[in-house]
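Step one of this worksheet: look at the structure below.
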Amino acid sequence: MKVGNLQRLTTKTALSYSNSESRFSFSFSFAAMEKWTTQIESTEQLSLYLGLVDYRFAKAHMLKESSGPFFFASLLPTFCRDSTATLRDLTVALGQPLLNYHDLGELCFKIRGGAACLGVCRMAHACGQLHQAVQNRATKESLITALNAAKQEFSIMQEKLETLVQLETKIVSNETDGP
């Protein structure tokens, strides 16, 4: 099966999931919870297969065992907010007439570290390329190209993370509320 088909299947499953949610309102069942769990696992496995995440992502997911059931569902939006803010700060910094390579390097280091810790490896790699360009004091145009690559990787991952947060929240809510 080609990667394109896998992505399409995942999207259809997510759309089908959304449709059934609106039709059945808040009626949760064990079968629905199992379906959500399977969807999360499928999304994580697809992301691993596509090279979007690595083993650290699964480790972060397992931290909910020791850090509380909502840990993972709150970690992902925090990562997205922080990444969005840092990407915005990088964009503003690259828009200045004189570049402050030290500050750019710190911002690159911050966003790359966050992505790497969470296991968002393609984004971490793109941020690493941007950091390397900053260290090499590349031209503004080269830096903007590298920043756009990092933004693209974040955009790809953000949609998948939002889907995972929705599914994880529903599973955890159902588990804590009981049958």
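As a basis for the values below, the full set of heavy atoms in this structure was taken, side chains included, without hydrogen atoms, waters or symmetry mates.
T86 places no side-chain N or O within 3.5 Å of a backbone atom of S83 that could act as its donor or acceptor partner.
Every residue meeting the side chain to side chain donor-acceptor pair (under 3.5 Å) condition with N136, not counting sequence neighbours, appears here in chain and number order: Q132. Listed by chain and number, the residues in a side chain to side chain donor-acceptor pair (under 3.5 Å) with E106 are H102 (sequence neighbours excluded). Residues that satisfy the side chain to side chain donor-acceptor pair (under 3.5 Å) test with Q158, not counting sequence neighbours, are absent from this structure. By the side chain to side chain contact (heavy atoms under 4.5 Å, CB included) test, T145 is found to be paired with no residue, residues two or more places apart in sequence or in another chain being considered. For T139, the side chain to side chain donor-acceptor pair (under 3.5 Å) partners two or more places apart in sequence, or in a different chain, are S142. Every side chain to side chain contact (heavy atoms under 4.5 Å, CB included) that I144 has, sequence neighbours left out, goes to L94, K140, N148. Residues forming a side chain to side chain contact (heavy atoms under 4.5 Å, CB included) with A133 (at least two apart in sequence, or on another chain): A138, L143. Checked against side chain to side chain contact (heavy atoms under 4.5 Å, CB included), Q129 has the following partners two or more places apart in sequence or in another chain: H125.
Residue pairs meeting the side chain to side chain donor-acceptor pair (under 3.5 Å) criterion with at least one member in residues 87-97, sequence neighbours excluded: T91-K151.
Expressed to the nearest 0.5 Å, how far CG of L161 lies from CZ of F57 amounts to 5.5 Å.
The minimum heavy-atom distance linking C117 with R56 is given by the pair O-CB, 3.9 Å.
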